[in-house]
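Presented below is the structure to which this report refers.
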Amino acid sequence: DIVLPILSDDLFSLSMQISSFDTTIYQKLGIKLAQRIGMSLLKPRNLQWRYKLRKNIFMEGLEPENEPVEESDEFDIPEELEDVLSVLLSRGLANSQTEIRESASKGIGRITGRLPQYLADEIVETLLSNLTPSESDSIWHGSCFALSELARRGLLIPERVEAVIPHIVQALRYDVKRGMNSIGSNVRDSACYFSWAIARAYGTDVLDADTLLPLAGSLLCVSLFD
């Protein structure tokens, strides 16, 4: 706790320099360093607002009893975290390399799991704002993958799930002509990942028939014709 505030600025500058190199491995290391700095600035928390799937009745009594006590969602956020998130949300998700976008998405998921609800919701809003026709397929893929990581961890509040689904349906249909070819298979793949993650992490109290019907229809088309 004493050393980190002194070194965080220097480490972040180092991550910016590394991620600016042309070599993929250096860019990936820079993004990983940035997310590790962000995680070190926030201690692990059992957040009250995080969605938790209801336990199966057959599993009752089998869970460990020494679960950490939930903490208040009101706590201070270091100013340096804004720079870290800015790098992950812009430079990381927009990178031309798939593995770097996926690394940044996982970092966003890990850091969001230590944030209060209002900041986590701002991250979701930023990701949704990226899913517009004017953005590149790299941004679409990175944003969908990041939303998938949030859903997998239960970091989409139930009120947000209904707003996210239409964007995922668009991503499942993403196909852009470029010359004689088309691009978008990676975007559709990340949308399929979201579909898997949301079904795994959320229950029927959130995923009702009206919410799932458009998603199910698009998944059926993708599974048959993609």
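Note that these values count all heavy atoms, side chains included, but never hydrogens, waters or copies made by symmetry. For this chain, numbers begin at 1 and follow the sequence in order.
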Indicate the atoms forming the closest heavy-atom contact of [X] with [Y], along with that distance.
X: Gln35; Y: Arg110; value: OE1-NH1, 2.9 Å
X: Ile108; Y: Ala146; value: CD1-CB, 4.4 Å
X: Leu42; Y: Arg114; value: O-NH1, 2.7 Å
X: Asn186; Y: His141; value: O-CD2, 3.0 Å
X: Trp140; Y: Pro133; value: CZ2-N, 4.3 Å
X: Cys144; Y: Leu131; value: SG-CD2, 4.1 Å

Side chain of [X], backbone of [Y]: donor and acceptor closer than 3.5 Å?
X: Arg188; Y: Tyr174; answer: yes
X: Ser103; Y: Glu99; answer: no
X: Arg173; Y: Ser218; answer: no
X: Thr211; Y: Leu207; answer: no
X: Ser105; Y: Arg101; answer: yes

Hydrophobic cluster membership, [X] vs [Y], 4.5 Å side-chain cutoff:
X: Leu172; Y: Ile139; result: no
X: Leu155; Y: Leu89; result: yes
X: Phe145; Y: Leu128; result: no
X: Trp49; Y: Ile77; result: yes
X: Leu156; Y: Val169; result: yes

Within this structure, what is the [atom1]-[atom2] distance for the pair [X] and [Y], rounded to the nearest 0.5 Å?
X: Ile198; Y: Tyr193; atom1: CD1; atom2: OH; value: 11.5 Å
X: Glu149; Y: Leu127; atom1: CD; atom2: CG; value: 11.5 Å
X: Thr126; Y: Leu85; atom1: OG1; atom2: CG; value: 9.0 Å
X: Leu220; Y: Leu215; atom1: CG; atom2: CG; value: 11.5 Å
X: Asp208; Y: Glu162; atom1: CG; atom2: CD; value: 7.0 Å
X: Thr112; Y: Asp121; atom1: OG1; atom2: CG; value: 11.0 Å

| Passing candidate, ring-ring contact (aromatic ring centres under 6.0 Å, His included) with Tyr202, options Tyr51, Phe194, Trp196 | Tyr51
| query | Leu147 and Val124: side-chain contact (heavy atoms from CB on, under 4.5 Å), yes or no, with the steps? | reply | CA-CA 7 Å; Leu147 287 170; Val124 174; 4.3 Å; yes
| task | Taking only Lys NZ, Arg NE, NH1 and NH2, and the carboxylate oxygens of Asp or Glu, determine whether Glu125 and Arg160 approach each other closer than 4.0 Å. | result | yes
| request: I would like to know whether Ile37 and Glu80 meet side-chain contact (heavy atoms from CB on, under 4.5 Å); could you show each step before the answer? | output: CA-CA 9 Å; Ile37 293 172; Glu80 297 85 354; over 6 Å; no
| Pairwise side-chain contact, Leu88 with Leu93, heavy-atom cut-off 4.5 Å (strictly under) | no
| task | Taking the side chain as every heavy atom from C-beta outward, state whether Leu81 and Ile111 have any atom pair closer than 4.5 Å. | result | yes
| Counting only heavy atoms not in Glu122, do more than 12 fall under 6.0 Å of its CD? | yes
